[in-house]
Each structure stands twice: as structure tokens, then as C-alpha cells.
J.: 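One structure coming up, written as C-alpha cells, with questions to follow.
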Amino acid sequence: MESLLSELRKKIETLRLGGGIKKIEKHQSKGKLTAWERVHYVLDDDSEYVEIGSFAGDDLYPEHGGCPNGGVVIVMGYIHGRLCIIVSNDATVKAGAWFPISAKKNLRAQEIAMENHLPIIYLVDSAGVYLPMQDEIFPDKEHFGRIFRNNAKISSMGIPQISAIMGSCVAGGAYLPIMSDYALIVEGTGSVFLAGSYLVKSSIGEVIDNEALGGATTHCEISGVTDNKYPDDKSCLDAIRGIVDKFGHHEKTHFSRIEAAAPERDANYLYEYFPQDRLKPYDMNEVLKCIVDTGSLEEYKKDYGKTIICALARIDGWAVGIVANQRQVVKAKKPGNATEMQMGGVIYSDSADKAARFIMNCNQQKIPLVFLQDVTGFMVGSRSEQGGIIKDGAKMVNAMANSVVPKFTFVVGNSYGAGNYAMCGKAYDPRLIYAWPTAQMAVMSGASAGKTLLQIQEATLKAQNKELTEVEKEELLNKINNTYQKQLSPYYAAARLWVDGVIDPKDTRKIISMGIEAANHNPTMERYNVGVLQT
């Protein structure tokens, strides 16, 4: 674990450099703060925050020079004690231009703001769409235009939006700050226009510089497009803090919270206890002792469906319902005094049935749900099929998919196949979803996938009257395994925003607590209705 955490820390340090030291120095030479400096300045001193979408773009677009961190920093943190979403463009990465992953990451920030009714702050410093990839970011439903649609929707929901134009703000991107409730601009460095000076000259023959075209003086004194101008980044960020400080408060959901208690075990215990070997069994209860408040765990149907642990507990004082895969081999009693050995990490009919009922209970009682994934999938074979595993699995998916309480998911180990779905994977709208460095995500394990893909390749070649030698089979299997192992990595998942980031396990508790605090700001909760249950 220490080795994996060391790798995590190094990756984070590299990401914080954005486009690199030289680009940062050039950026600062203009009197501008970096994307991270702006975030830290606007947040309350020494306050907690959660980064959203860390590692987005990791190893993507190598032919274009890469797009570290998706070219934008996004955090959920406190401004004058109020939880907000902050979106800060990183102009050291391709001048803050939007790659496809940048759009996806920005949309994720807006989604979190909308789900939780959190104010959203945009610190704009972007050259707009990255033109060489415009076909992958411009026209589709979840592309660039969705950002402005969301601006309008967020406004109609009564959720505050503040924009600070701290650098370039070009073309369609100009609508983002101007569709916000407040549009501030920094003198000398901030500019906003639908077309820059070069495009204006080529389009209508007018010769004008960017400052006169769309600078702070133009838009604060002539057009009225922006509200106020500020001499530098810090004074602009101070103004944002002053605005947020005046916001009124709305009704909350009132999820149950009492005074927090420390976990039974220190989080450092996880580093020693949690196995790096994905096949090695362990007791998930030991993991929970490092996360939940001491003495708060109340297990549901403890002696039934034991490959999934369902329990009520408190985390940092907040009431939660926990659905976690048990990785120990367990004994399950069957009719006629028979006993069946069940493999840890596998979902059986009885555990799916229990989890479905528990999820429904939590929805009835307004208790947020926390899923801890270390799942290899549902049990297969004739015995399971005849026992109705598909029916019971469908029941669990139905109960979970229709949940109206906030859901939070952590991939701590394996996350394979339909197990990812049943345990609230990204497709099922968790409010936040993070992976530990020990996580692996794919349709099946590397070993199973390698053998399956090899068989497919062999069958294809055999149809062409080609036979592989044992040496060729071994080489092909190694090639398949190497490719698949890369795709199993939590960083591969985080690069594509299948998860919101890769975290140190000790941060799990903080993310759950801040996540529920954020969810508590949205008082709207639909009636829980699962529709037709598969009985």
C-alpha cells in the first residue's frame, strides 16, 4: 500500500504543475495566479476540500501533447463556511483550451452543483474549444454547448453562479460567464468576446486590438456585459468571497447527524491490513472499523446473505447505510441443515435479496447510502441460474437504481462486470465516486479476460486455417494481458472520469462527510418507487 500511495502522491505532484514549470513562470510573469493558487486563495484558510476529476485526461491525447487534469481544476470546498464548487481553468495547459475530457469534467462539476444545490464559481481563463478536436467537443448532447444549457438550468433552479474573467474568454465560451449571476473581470488580463481581433479583421475588415474589443474597460463602462473590474486576481477573488458571504440560506434535507466519534481503528491500519493481492481474502468488517464512528455499526441480517455486508452506521456523525462486499469465504445455511461455502466478493441470490431490502429501508428512512465495492460479479453456474440469480440480481439493481437518497461509491478492490452495476457504479448516479489505488475496474478480471480473448483469437485464426504454436499462444496471451492490465488501473478509470479520482484510503471518511453535507443542501427528494420488483 505504501508503494501505491507513493505513486499516487507523485502523480498528484506532477498534475499540480499543469503544463509545466516554464508555462507556470510565463503565466505568473503576466501578474496572474495559477489555477491552483486561485483555488487556494478563494477558499477559507486551512479548510477541507475535495478535488473532483483528478487525473482526468491522464495519458490521453499524446498526439496533441496531452491534457493533464483535463486543463481545469475543480474542487468542492468552503467559502465563508459555505460549501461551493470552484471551477478554475488552467491556462498553462494549451492556454486552457477545451479538450473533450475538459467538457466532460466541467459538466461533472455542474452536475454536482445541480444535484446538491451548491453555488458554483467559475474562474475563467480559456482559449475556448481546442480546434483540432472540434468534432469531438462541439455538436453532441454532452459536448461544449451543454455547459451553457446547464448555466440556464442552474439559474432557473435558483443556484448562485459567479464568474471571474481572469484571462481569455472566447467565442461560445463567452456565454459561460455572462450567463452567470455575477460576471467580474480582471483589468489587463481578462477579455471576453465572441470573436477575437484576428477573426474580426478576417470577417469584416475591422482593425482593433483585443483590449479595446473586449477588455475590462469596454465591458464595464461601455457595454455593461460585466459587472465590475478589478486590478488583479486577488482583488477579484476577494470580491467573490464578499459576494458569497452575503448569500442567504435555504431549507435543508435534515439528514441525521450527531456529534462525531473517531473510528475504532486509525486509518493507517488499512495500509497494513488491506491486501494488494486481489485474490487474497480479508474481512471487510476490519476495513469498516477504520471508516465508521466507534460503536455506531448496526449490521442488518448479519447471518443471512453474508457475501454482502449491510449495516446502519455513522460516519463523522452522519447516519449512513453501508452496502459492502465481504471478501472472506463464508458458510451459508441451506434447507435441510445443509451448508454451502460461498466465495467472498461474489454476489449470491441471498446477498442480492438482502441488499435490495436494505436499500429500500434506507430510502424509506432518508438515510444516505455508501457502497464499498470489492466485487468479482454474480455467482454463475447451473445451480445459481436455476436458483434465480438473474432475478435476484435484477431486484437489487432495481432497488438501487431507483434510490432517491444520495449514494456514494468507493471502489476499494475489484469492480467487475454486473457487480459494478449492482454496487452503484458510475452509470447509477452516485453523488461522488472514488477509487482507492488498489482498485481494478473492468468487465471481468485480467486472468479471465486474457484466456477468453485468447480463445477468440485462436478461433478466428483457426477459421483461416492457421494454427498457433504454444510459443505463439504464450506471446499473444502476454500481449493481451499487458493491454488489459493497463485498462484495469484506477488511473485509467480516473482519466476517463469513470470515477471522480483516485484517493488515499484515509480520505474516504472526509469525502463521505462532505458529500452528505453537500447533499443536505438540496431539500428536494422524490417519492421512492421501485416499480415492478422481480420476485
Side-chain angles (χ1 to χ4, degrees), residues 42-44 47-50 52 74-87 108-121 150 153-162 180-182 240-261 291-293 296 312-322 359-371 400 402-409 424 428-434 500 508-529:
V42 81
L43 291 177
D44 294 346
S47 62
E48 297 273 25
Y49 67 85
V50 172
I52 310 293
I74 297 173
V75 304
M76 180 171 69
Y78 298 94
I79 299 177
H80 282 293
R82 181 187 288 268
L83 266 183
C84 298
I85 299 293
I86 296 96
V87 179
R108 178 67 176 138
Q110 290 182 321
E111 178 184 37
I112 292 170
M114 293 165 83
E115 284 179 333
N116 300 292
H117 288 197
L118 296 182
I120 184 165
I121 319 296
N150 284 353
K153 291 290 186 181
I154 291 169
S155 181
S156 73
M157 295 170 70
I159 299 169
Q161 297 178 90
I162 303 174
S180 300
D181 303 328
Y182 297 88
I240 290 173
R241 287 184 54 82
I243 293 168
V244 173
D245 183 42
K246 313 302 187 300
F247 288 163
H249 290 274
H250 295 278
E251 180 63 27
K252 295 187 178 181
T253 311
H254 301 298
F255 294 119
S256 173
R257 191 181 197 186
I258 62 173
E259 187 176 344
I291 297 172
V292 306
D293 294 9
S296 68
L312 297 176
R314 289 193 181 272
I315 294 176
D316 198 29
W318 293 104
V320 297
I322 294 171
I359 290 167
M360 288 189 280
N361 280 359
C362 289
N363 274 273
Q364 287 279 77
Q365 293 137 24
K366 284 176 64 174
I367 302 172
L369 286 160
V370 175
F371 293 83
M400 180 274 302
N402 282 300
S403 283
V404 295
V405 295
K407 304 188 291 278
F408 303 90
T409 301
C424 195
Y428 295 86
D429 302 317
R431 295 290 177 99
L432 296 171
I433 175 170
Y434 284 87
D500 290 320
T508 304
R509 187 174 155 91
K510 176 187 78 173
I511 290 170
I512 294 169
S513 179
M514 287 184 68
I516 298 175
E517 182 184 348
N520 203 39
H521 285 81
N522 183 356
T524 306
M525 193 175 294
E526 298 174 19
R527 177 177 170 271
Y528 185 51
N529 181 16

J.: Quick one: side chain to side chain donor-acceptor pair (under 3.5 Å) partners of Ser155, sequence neighbours excluded?
T.: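 By the side chain to side chain donor-acceptor pair (under 3.5 Å) rule, Ser155 matches no residue at all.
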J.: Once rounded to the nearest 0.5 Å, what's the spacing between atom CD1 of Ile85 and atom CD1 of Ile74?
T.: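 Output value for this atom pair is 8.5 Å.
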J.: If I compare all heavy atoms of Ala113 with all of Ile159, which pair ends up nearest, and what's the gap?
T.: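 Nearest pair, atom of Ala113 first, then Ile159: O-CD1, 3.7 Å.
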J.: May I ask you to test the Val244-Pro119 pair for a side-chain heavy-atom distance under 4.5 Å?
T.: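 They are not in contact (no side-chain heavy atoms under 4.5 Å apart), so the answer is no.
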J.: What pairs with Lys510 under salt bridge (charged side-chain N to carboxylate O under 4.0 Å, His left out), at least two apart in sequence or on another chain?
T.: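 Lys510 satisfies salt bridge (charged side-chain N to carboxylate O under 4.0 Å, His left out) with Glu48 once adjacent residues are dropped.
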J.: Would you name the heavy atoms of Val50 and Tyr434 that are closest together and state the gap between them?
T.: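 Smallest heavy-atom distance, with atoms named: CG1-OH, 3.1 Å.
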J.: When rounded to the nearest 0.5 angstrom, what distance separates CD in Glu251 from NE2 in His117?
T.: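 It is 12.5 Å, given to the nearest 0.5 Å.
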J.: Looking only at non-hydrogen atoms, find the nearest pair between Ala109 and Val87 and report the distance.
T.: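 Heavy-atom minimum between the residues: CB-CG2, 3.8 Å.
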J.: Where is the tightest heavy-atom contact between Thr409 and Pro430, given as atom of each residue plus distance?
T.: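 What the structure gives for the nearest pair is OG1-CB, 3.6 Å.
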J.: With a 4.5 Å cut-off on side-chain heavy atoms, are Phe247 and Ile162 touching?
T.: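 Contact flag for Ile162/Phe247 side chains = yes.
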J.: In Å, rounded to the nearest 0.5 Å, how long is the span from NE2 of His249 to CZ of Arg82?
T.: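 Taking NE2 in His249 and CZ in Arg82, the distance rounds to 4.5 Å.
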J.: Mind jotting down which residue pairs meet the salt bridge (charged side-chain N to carboxylate O under 4.0 Å, His left out) criterion with at least one end in residues 512-524? Sequence neighbours excluded, please.
T.: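 Qualifying pairs: none.
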J.: Is there a donor-acceptor pair under 3.5 Å between the side chain of Lys366 and the backbone N or O of His254?
T.: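 Checking the backbone N and O of His254 against the side chain of Lys366, no donor-acceptor pair under 3.5 Å is found.
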J.: Give the C-alpha distance, both sets of side-chain angles, the deciding distance and a yes or no for side-chain contact (heavy atoms from CB on, under 4.5 Å) between Lys407 and Cys362.
T.: CA-CA 11 Å; Lys407 304 188 291 278; Cys362 289; over 6 Å; no
J.: Give the intermediate values and the outcome of side-chain contact (heavy atoms from CB on, under 4.5 Å) for residues Ile512 and Leu432.
T.: CA-CA 8 Å; Ile512 294 169; Leu432 296 171; over 6 Å; no
J.: Tyr182: which residues meet the ring-ring contact (aromatic ring centres under 6.0 Å, His included) condition with it, sequence neighbours left out?
T.: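 Result, ring-ring contact (aromatic ring centres under 6.0 Å, His included) vs Tyr182: none returned.
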J.: Tell me, please, which residues at least two apart from Asn361 pass side chain to side chain donor-acceptor pair (under 3.5 Å).
T.: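 None.
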J.: Do Ile315 and Ile291 come within less than 4.5 Å of each other through their side chains, counting heavy atoms only?
T.: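 Ile315 vs Ile291: side chains touch.
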J.: Report the C-alpha distance between Arg509 and Asp293 in whole Å, list the side-chain angles of each, state the deciding distance to 0.1 Å, and finish with yes or no for salt bridge (charged side-chain N to carboxylate O under 4.0 Å, His left out).
T.: CA-CA 10 Å; Arg509 187 174 155 91; Asp293 294 9; 2.7 Å; yes
J.: Holding to side chain to side chain donor-acceptor pair (under 3.5 Å), I want the full list of residues that pass it with Arg108, two or more places apart in sequence or in another chain.
T.: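 Arg108: side chain to side chain donor-acceptor pair (under 3.5 Å) contacts with Glu111, Asp500.
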J.: Could you tell me whether the side chain of Asn116 reaches within less than 4.5 Å of the side chain of Met76, counting heavy atoms only?
T.: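 They are not in contact (no side-chain heavy atoms under 4.5 Å apart), so the answer is no.
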J.: Would you say that Arg431 contacts Ile112 through its side chain, given a criterion of any heavy-atom pair below 4.5 Å between the two side chains?
T.: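 Of all side-chain heavy-atom pairs linking Ile112 with Arg431, none is under 4.5 Å.
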J.: Restricting to non-hydrogen atoms, name the atom on Ala519 and the atom on Thr253 that form the minimum distance, rounded to 0.1 Å.
T.: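 Minimum heavy-atom contact is O-OG1, 3.7 Å.
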J.: To the closest 0.5 Å, what do you measure between CD1 (Ile516) and CZ (Arg257)?
T.: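 Separation between the atoms: 8.5 Å.
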J.: Would Asn520 and Trp318 count as a side-chain contact (heavy atoms from CB on, under 4.5 Å) here? Give the steps.
T.: CA-CA 11 Å; Asn520 203 39; Trp318 293 104; 3.9 Å; yes
J.: Quick one, Phe255 and Pro368 - any side-chain contact, counting heavy atoms below 4.5 Å?
T.: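 When only atoms from C-beta onward are counted, Pro368 and Phe255 do touch, with a gap below 4.5 Å.
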J.: So, do Asn363 and Leu369 sit near enough that their side-chain heavy atoms are less than 4.5 Å apart?
T.: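 The answer is yes; the side chains approach within 4.5 Å.
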J.: Measure the SG-OH distance between Cys84 and Tyr49 for me, rounded to the nearest 0.5 Å.
T.: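 Spacing of SG (Cys84) from OH (Tyr49) equals 15.5 Å.
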J.: Minimum heavy-atom separation for Tyr78 and Gly81, please, with both atom names.
T.: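 For Tyr78 and Gly81, the tightest heavy-atom pair comes out as CD2-O, 3.6 Å.
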J.: State, yes or no, whether a side-chain contact exists between Arg314 and Ser256 at a heavy-atom distance under 4.5 Å.
T.: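 Answer yes - side chains close enough.
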J.: Find the distance between CD1 (Ile367) and OG (Ser403) and round it off to the nearest 0.5 Å.
T.: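 Nearest 0.5 Å value for the CD1-OG distance: 12.0 Å.
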J.: Does the pair Ile243 and Asp181 meet the rule for a side-chain contact (heavy atoms from CB on, under 4.5 Å), with working shown?
T.: CA-CA 11 Å; Ile243 293 168; Asp181 303 328; over 6 Å; no
